[in-house]
Each structure stands twice: as C-alpha cells, then as structure tokens.
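Below is one structure, written out as structure tokens; the observations come after it.
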Amino acid sequence: MWPYSNITREEFEQKKDEIERIIIALGGTPTTLKFPLENKTTSIHDGTSIVNISNRCIYEFKGAYFTVGEVCFSRPMIVIECAEYEDVIYNRWEDAESFPVELSHDELVNEVKYSMGILPYPED
C-alpha cells in the first residue's frame, strides 16, 4: 500500500527515471551488470511497510557504480546508491544522502552531482 497523498507510486518511479537520465547526462554509462540478489527495500511509515523490488540499471562513472533507490519514511525520498565493483557483485551498496522528489530539475541535478562526487556536498 502506498501511503502518500502528495505523489503516486507511478509519479515517484518517473522521478527516479528522471534521476537516471541525469546520471547519463553527467557521464554515467549504463552497464550490463545485474544485481546478484533481489534488490528489495522495505521502509516503514506509520506502521505501514513499503516494499519495493527494483530492477533499475547500474551505471558506471569514473570507476564507481551507481543505482537509483528509495527510502520512504515520513515522505518518499530518492537515494543514489554507490559501490565499487567488488561490492556490486555481492550486492553491497552504500547510500549517498537521500533527497526529496519535490526538488526542481536543477536541484535534482545538483543532488546527483553530490552523490556521484562531481560536486562536494554543501556545508551546513
């Protein structure tokens, strides 16, 4: 069950598609790598489990690998997961900072740049 009223699951997946297009525009190369295990995430929001099984592409950029994921708590957030090749083959990913889907396109581009190491994260 999708508990959010500000965005549908379909719209959320379309935002993740937009993030993938940004990754490519910034030089990320789609790979033929596949997740060795089912890429399943579960978030809990107000007692509701939000389960997503992802079949998203894995991208290579400057020797690192990236894929688009999600975390869903008080609101749905996008996260770019990253790993070195040795970790990809064992499905061990690290999450970059998550960010909300409501950001403008330019703000999303910056978030992708931060996650891919193109720009440093801004200091608070």
Side-chain angles (χ1 to χ4, degrees):
M1 181 177 136
W2 186 252
Y4 305 103
S5 59
N6 64 321
I7 189 169
T8 66
R9 169 53 92 173
E10 182 179 343
E11 292 167 333
F12 188 50
E13 292 299 322
Q14 289 170 357
K15 278 291 188 177
K16 292 193 297 189
D17 293 342
E18 181 179 354
I19 297 303
E20 288 185 331
R21 289 189 297 273
I22 293 169
I23 290 172
I24 292 168
L26 293 173
T29 305
T31 70
T32 58
L33 294 174
K34 300 291 181 202
F35 291 97
L37 305 170
E38 181 176 70
N39 192 21
K40 178 179 175 181
T41 59
T42 304
S43 302
I44 307 291
H45 171 63
D46 287 341
T48 300
S49 292
I50 302 162
V51 177
N52 183 54
I53 298 173
S54 179
N55 294 313
R56 297 233 164 234
C57 184
I58 297 172
Y59 299 89
E60 188 274 333
F61 180 75
K62 295 188 176 183
Y65 295 86
F66 300 89
T67 192
V68 178
E70 66 183 53
V71 289
C72 297
F73 298 115
S74 60
R75 64 182 185 185
M77 306 277 279
I78 294 173
V79 64
I80 296 178
E81 299 175 281
C82 55
E84 299 298 321
Y85 179 78
E86 297 76 27
D87 292 318
V88 171
I89 61 175
Y90 292 106
N91 210 28
R92 295 185 302 233
W93 295 85
E94 291 189 32
D95 293 347
E97 293 292 321
S98 58
F99 49 92
V101 298
E102 301 89 5
L103 298 178
S104 70
H105 180 76
D106 289 342
E107 290 170 319
L108 291 174
V109 169
N110 282 338
E111 290 294 338
V112 175
K113 287 179 178 179
Y114 304 146
S115 297
M116 293 174 66
I118 296 169
L119 289 176
Y121 281 100
E123 295 188 28
D124 294 328

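Bear in mind the structure is a predicted one, so any value in this text is a computation, not a measurement.
Crowding of Y121 atom OH: a count of heavy atoms from other residues, nucleotides or ligands under 6.0 Å exceeding 12.
The side-chain hydrogen bond (donor to acceptor under 3.5 Å, both in side chains) analysis of residues 95-107, with sequence neighbours excluded, yields the pairs N6-E102, E18-H105, S104-E107.
The cluster map of Ile, Leu, Val, Met, Phe, Trp and Tyr, joined by side-chain heavy atoms under 4.5 Å apart, puts V101 and V109 in the same cluster. Under a hydrophobic-cluster definition in which Ile, Leu, Val, Met, Phe, Trp and Tyr are linked whenever side-chain heavy atoms come within less than 4.5 Å, directly or via other members, L119 and M116 are assigned to different clusters. Hydrophobic clustering (side-chain heavy atoms under 4.5 Å, transitive across Ile, Leu, Val, Met, Phe, Trp, Tyr) groups F99 together with I7. Linking Ile, Leu, Val, Met, Phe, Trp and Tyr whenever their side-chain heavy atoms come within less than 4.5 Å puts I80 and I118 in one cluster.
Ion pair E70/R56 not flagged as a salt bridge, since none of the NZ, NE, NH1 or NH2 atoms sits closer than 4.0 Å to an Asp/Glu carboxylate oxygen. A salt bridge is absent between E11 and K15: the closest approach of a Lys/Arg side-chain nitrogen to an acidic carboxylate oxygen does not fall below 4.0 angstrom.
In plain terms, the two heavy atoms of S115 and F66 that are nearest each other are O-CE2, 3.5 Å. Annotation for R75 and Y4: closest pair CA-CE2, 3.5 Å, computed over non-hydrogen atoms. Between A64 and E84, the shortest heavy-atom distance links the atoms CB-OE2, 4.2 Å.
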Next item on the list: Would you check, one step at a time, whether the test side chain to side chain contact (heavy atoms under 4.5 Å, CB included) holds for F61 with I23?
Entry: CA-CA 9 Å; F61 180 75; I23 290 172; over 6 Å; no
Next item on the list: Check the pair R9 / E13 against salt bridge (Lys or Arg N to Asp or Glu O under 4.0 Å), numbers first and verdict last.
Entry: CA-CA 6 Å; R9 169 53 92 173; E13 292 299 322; 2.7 Å; yes
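Within the model, atoms CG of L108 and CD1 of I22 stand 5.0 Å from one another, a figure rounded to the nearest 0.5 Å. Distance check, rounded to the nearest 0.5 Å: OH of Y85 to CD of E60 gives 12.0 Å. Distance check: T31 OG1 to K34 NZ gives 7.5 Å after rounding to the nearest 0.5 Å. The line from CD1 of I58 to SG of C82 is 12.5 Å long, rounded to the nearest 0.5 Å. Rounded to the nearest 0.5 angstrom, Q14 CD and I19 CD1 are separated by 13.0 Å. If you take SG on C57 and CD1 on I24, they are separated by 7.0 Å, rounding to the nearest 0.5 Å.
Looking at heavy atoms from C-beta onward, L103 lies out of side-chain contact with N110 at the 4.5 angstrom threshold.
Panel note: side chain W93, backbone Y65; no donor-acceptor pair is recorded below 3.5 Å.
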